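Source: prediction; values computed, not measured. Along the sequence shown, residues carry numbers from 1.
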Amino acid sequence: IRAWVRQSLNQGRTISQPLFWSQKNPDKPISRQHFDRLLKDAAEAARVTGKVASHSGRKTFAKKMMDRLDNNILYVQQAMGHLDPRSTLS
């Protein structure tokens, strides 16, 4: 994922834009459902047991970002695409 983030940032994308873009149409992000399928396939290939869900990853990403940015809620709120900081904190 780090390599994917670096590639996206090198292409001029920002942290508040989607991370995963369609290969068929590079101007559009992949759908949530497509990402869920990719995630489940990757988890199966890695022999991960238990439930794997994209929302858990999103929440983990936000928590890690908050930790690294000394709880800078405004930056994390923007990165997550939330209009209300209460959404980011929940």
*Asks:* Distance-only check: which donor-acceptor pairs under 3.5 Å involve side-chain atoms of residues 39-56, not counting sequence neighbours?
*Replies:*
from	atom 1	to	atom 2	distance (Å)
S54	OG	D36	OD1	2.6

*Asks:* Considering only residues two or more places apart or on different chains, which pairs with a residue in residues 27-53 satisfy ring-ring contact (aromatic ring centres under 6.0 Å, His included)?
*Replies:*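 Every pair satisfying ring-ring contact (aromatic ring centres under 6.0 Å, His included) with a residue in residues 27-53: F20-F35.
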*Asks:* Using the test salt bridge (Lys or Arg N to Asp or Glu O under 4.0 Å), find all partners of K64 that sit at least two apart in sequence or belong to another chain.
*Replies:* none
*Asks:* Taking only residues two or more places apart in sequence or in another chain, which ones pass side chain to side chain donor-acceptor pair (under 3.5 Å) with K59?
*Replies:*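 If we apply the side chain to side chain donor-acceptor pair (under 3.5 Å) test to K59, skipping adjacent residues, there are no hits.
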*Asks:* Measuring only between side-chain heavy atoms, which start at C-beta, is P29 closer than 4.5 Å to W21?
*Replies:*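 They are in contact (side-chain heavy atoms under 4.5 Å apart), so the answer is yes.
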*Asks:* What verdict does the side chain to side chain contact (heavy atoms under 4.5 Å, CB included) test give for N72 and M66, after you've listed the backbone C-alpha separation in whole Å, the side-chain angles of each residue and the deciding distance to 0.1 Å?
*Replies:* CA-CA 6 Å; N72 184 338; M66 290 281 288; over 6 Å; no
*Asks:* If you measure from CD on Q78 to CD1 on I73, what distance do you get to the nearest 0.5 Å?
*Replies:*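 Output value for this atom pair is 12.0 Å.
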*Asks:* Using atom types as modelled, flag every donor-acceptor pair under 3.5 Å from a side chain in residues 80-87 to any protein atom, sequence neighbours excluded.
*Replies:*
from	atom 1	to	atom 2	distance (Å)
H82	ND1	T88	N	3.3
H82	ND1	T88	OG1	2.7
H82	NE2	R58	NH2	3.4
D84	OD1	R86	N	2.8
D84	OD1	R86	NE	3.2
D84	OD2	R86	NE	3.1
D84	OD2	R86	NH2	2.6

*Asks:* Quick one: pull up CZ in R32 and CZ in R37 and give me the separation to the nearest 0.5 Å.
*Replies:* 10.5 Å
